[in-house]
Protein chains: 2
Amino acid sequence: MRVSREKAAEHRDRIIDAAGALFRAKGFGGIGVADIMKAADLTHGGFYGHFASKDDLVAQASRRTMDRAAANWTKLVEAAPDNPYAALLEHYLSPKHRDDPGKGCAFAALGNDAARSGKIVRKAFAEGLAPLLDILAKSIPGKSIPGKSIGGKSIRGKSKTVRRRKAVVAMATLVGALTLARAVEGTPLSDELLEAAHRELIGADQR
Amino acid sequence: MRVSREKAAEHRDRIIDAAGALFRAKGFGGIGVADIMKAADLTHGGFYGHFASKDDLVAQASRRTMDRAAANWTKLVEAAPDNPYAALLEHYLSPKHRDDPGKGCAFAALGNDAARSGKIVRKAFAEGLAPLLDILAKSIPGKSIPGKSIGGKSIRGKSKTVRRRKAVVAMATLVGALTLARAVEGTPLSDELLEAAHRELIGADQR
DNA sequence: ATTATCTATAGATCTATAGATAATGC
DNA sequence: ATTATCTATAGATCTATAGATAATGC
C-alpha cells in the first residue's frame, strides 16, 4: 500500500509528534517502536523506512519538542509584555503542567533519560536549552545595565552577566521543582514545591 | 548450596546496595534483575527468594539510598559548623557528583523514573525528601525569628515559614542544576549550570 | 521501475517461576 | 526437614530486518 511522497512526509511528521508525546510521558525506554507507530496509525515495520534507528527518532523528537517549547515561551512572553517573567513562571509551575508531562517541558520529563543517552541526544538537549535561557534572561525584571556596575555591585539594574546567571538558575529551579513535584505527586510536598518555587522566583528577581 | 541465615541477610544487603548504585546509574528500567544479581555475586534465580518483585527492590533500594543521603548530609553539616550551607552546596554542585550518578543524589538521578513509577515508589521519594529539606532549612544562613515578622517583612532574620520555603526552593535548584548539567554533559552549559547555581544560592540566601 | 507500507519473524533481553541441589538448624 | 541458592526455561516484549504488496511517478 504505497502512498504519495507528500503523504509519506506527513506520516513521518506524525511519527515524530507521537514519539515526542510518548517519550515525555513514558521515557525513552518506556515506549517501544511498535506503540509509537500504532499511535501514528501505522504499522511497526514501516518505521525503519523513516528512521535509521530508535535513537535517531529519539534525537529528532527531542529536537522538535524543544523547538516547540521555545516558540511557546516566545508566545507567552509576547502575550504578557508587562510581566513576561511572571507569565512564564505561572505557566511552568502550574499543576496542569505537572499533571500532563506528555505535553510539557522535555527537560523536566526526560532530563534523566538524556543524561543516560549518547552524545547526540545530549547535544540536542544543550542546543534546545540555549534559546529557553535567552528568553528567560530577557524576561527577568530589572533594567539592564549596559556598562560596568558600580563598586562591583549593581544597585537597581542587572548586568548582562548577572542576568544570564539568574536565567540559568531560574531554569534549574523550574526544572527541579517540576521534576520533584512529579516524583512526589500525590503527597502535600508536590504542591508545596510548585508554590515555593513560584513565590521565591517572583520575589528574588524583582529586587 | 544453601548458606546460613546470617549469610542470606548479608546477600540481601548486597543486592539492595548493588541495586541502589545501578538504578541511579542506569535508571529503574535500564538495569535487569540478572545484572543486579551478578553485581551482588549471586545468580539470577535466587532473587525471588529475597524480593517479591523487581518493584519491591526498587522501593527498598530507593529508601536506603535516601536514608544514606540524609546521614551523609548530616555528617557534612556537622563537619562545617561555621557554614554548613556552603558545605552542602559545594558538595552537591561539584563536577565529581555530576560525573558519578551511581554514588550520588537519588532525586537528580531518578526523579523522572520515580514520576513514572507507582504510588509506593513516589511515597518513598516523598519520605526520603523530607529529612533533606529539614537539614537544608537548618543550614540556611540568617538568624531565625521565632515571633512574627515586622510589617510583613523580616529585615535581618528569617521566619520558620521563609526558612522552609527557601529550603524547598534550594533543593529544587540543586536537583534541577545537577539534572540539567548531566543532560548537557560534554557542553559548556554543563559547568555553567553548576557554577551559576552555586553562586546564586550562596549569594541569595546570605542576605 | 520505484518505493512506502505491510506481514512475519529472527534474535536478544527481561521478569518471573519450576524444580533440583545441598548446606543449615531444629 | 527446612530453605537459600542454583540451573533451566516459559512467556512476554523489544529492536531490527527480510520479503511481499500495491500504489505512485517517471
Side-chain angles (χ1 to χ4, degrees), chain A residues 1-62 110 113-114 116-118 120-121, chain B residues 1-62 110 113-114 116-118 120-121:
Chain A
M1 303 179 186
R2 189 190 172 193
V3 300
S4 71
R5 203 173 291 183
E6 199 183 14
K7 278 277 171 209
E10 188 202 306
H11 288 172
R12 195 167 181 291
D13 242 48
R14 282 217 307 264
I15 297 168
I16 296 175
D17 280 345
L22 288 168
F23 283 149
R24 276 176 283 171
K26 309 208 167 196
F28 292 146
I31 191 81
V33 167
D35 283 320
I36 293 165
M37 290 300 276
K38 192 183 282 182
D41 259 315
L42 294 162
T43 56
H44 178 183
F47 178 83
Y48 292 90
H50 289 288
F51 303 96
S53 64
K54 189 186 177 184
D55 242 42
D56 182 17
L57 175 65
V58 163
Q60 291 196 44
S62 296
L110 293 165
D113 296 67
R116 297 173 206 130
S117 297
I120 301 156
V121 173
Chain B
M1 301 184 190
R2 189 190 171 195
V3 300
S4 72
R5 201 173 293 184
E6 197 183 14
K7 277 279 170 204
E10 188 203 306
H11 289 172
R12 196 166 180 290
D13 241 48
R14 281 217 308 264
I15 298 168
I16 297 175
D17 280 344
L22 288 167
F23 283 149
R24 276 176 283 171
K26 310 209 166 195
F28 291 147
I31 191 80
V33 168
D35 284 320
I36 292 166
M37 289 301 275
K38 191 182 282 182
D41 259 316
L42 293 162
T43 56
H44 180 183
F47 179 83
Y48 293 90
H50 289 289
F51 302 96
S53 65
K54 189 187 178 184
D55 242 42
D56 182 16
L57 176 64
V58 163
Q60 291 197 44
S62 297
L110 293 165
D113 296 68
R116 298 174 206 130
S117 298
I120 301 155
V121 172

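Residue numbering restarts at 1 for every chain, and letters A, B, ... go by the order of the sequence lines. Since this is a predicted model, take the numbers as computed values, not measurements.
- Between the side chain of Arg2(B) and the base of dT24(C), a donor-acceptor pair under 3.5 Å is found.
- Closest to the Val33(B) side chain, of the nucleotides dA4(C), dT15(C), dT24(D), is dT15(C).
- Exactly one of Val33(B), Leu57(B), Val58(B) qualifies for a side-chain contact (heavy atoms from CB on, under 4.5 Å) with Phe51(B). That residue is Leu57(B).
- Comparing dT15(C), dG25(C), dT7(D) against the side chain of Tyr48(B) picks out dT15(C) as the nearest.
- Taking only side-chain nitrogens and oxygens, His50(B) comes nearer than 4.0 Å to OP1 or OP2 of dT5(D).
- Of the two residues contacting DNA chain D, namely Val3(A) and Ala52(A), the nearest-nucleotide position lying further toward the 5' end is that of Ala52(A).
- Distance from the side chain of His44(A) is smallest for dT15(D) among the nucleotides dC6(C), dC6(D), dT15(D).
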Practice item. Would you check, one step at a time, whether the test salt bridge (charged side-chain N to carboxylate O under 4.0 Å, His left out) holds for Asp113(A) with Arg116(B)? Key: CA-CA 12 Å; Asp113(A) 296 67; Arg116(B) 298 174 206 130; 2.7 Å; yes
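- In this structure, Gly49(A) reaches neither bases nor backbone, as no heavy-atom distance under 4.0 Å exists between it and the strands shown.
- Formation of a donor-acceptor pair under 3.5 Å by the Asp56(A) side chain with backbone atoms of Ala52(A) is found in this model.
- Checking dC26(D), dT15(C), dT5(C) against every side-chain atom of Arg5(A), the shortest atom distance belongs to dC26(D).
- Proximity note for Thr43(B) (side chain, C-beta onward) versus dC14(C), dA16(C), dC6(D): the nearest is dC6(D).
- Of the candidate nucleotides dA16(C), dT5(D), dC26(C), dA16(C) has the atom nearest to the side chain of Lys54(B).
- How far CZ of Phe23(A) is from OG of Ser62(A): 7.5 Å, rounded to the nearest 0.5 Å.
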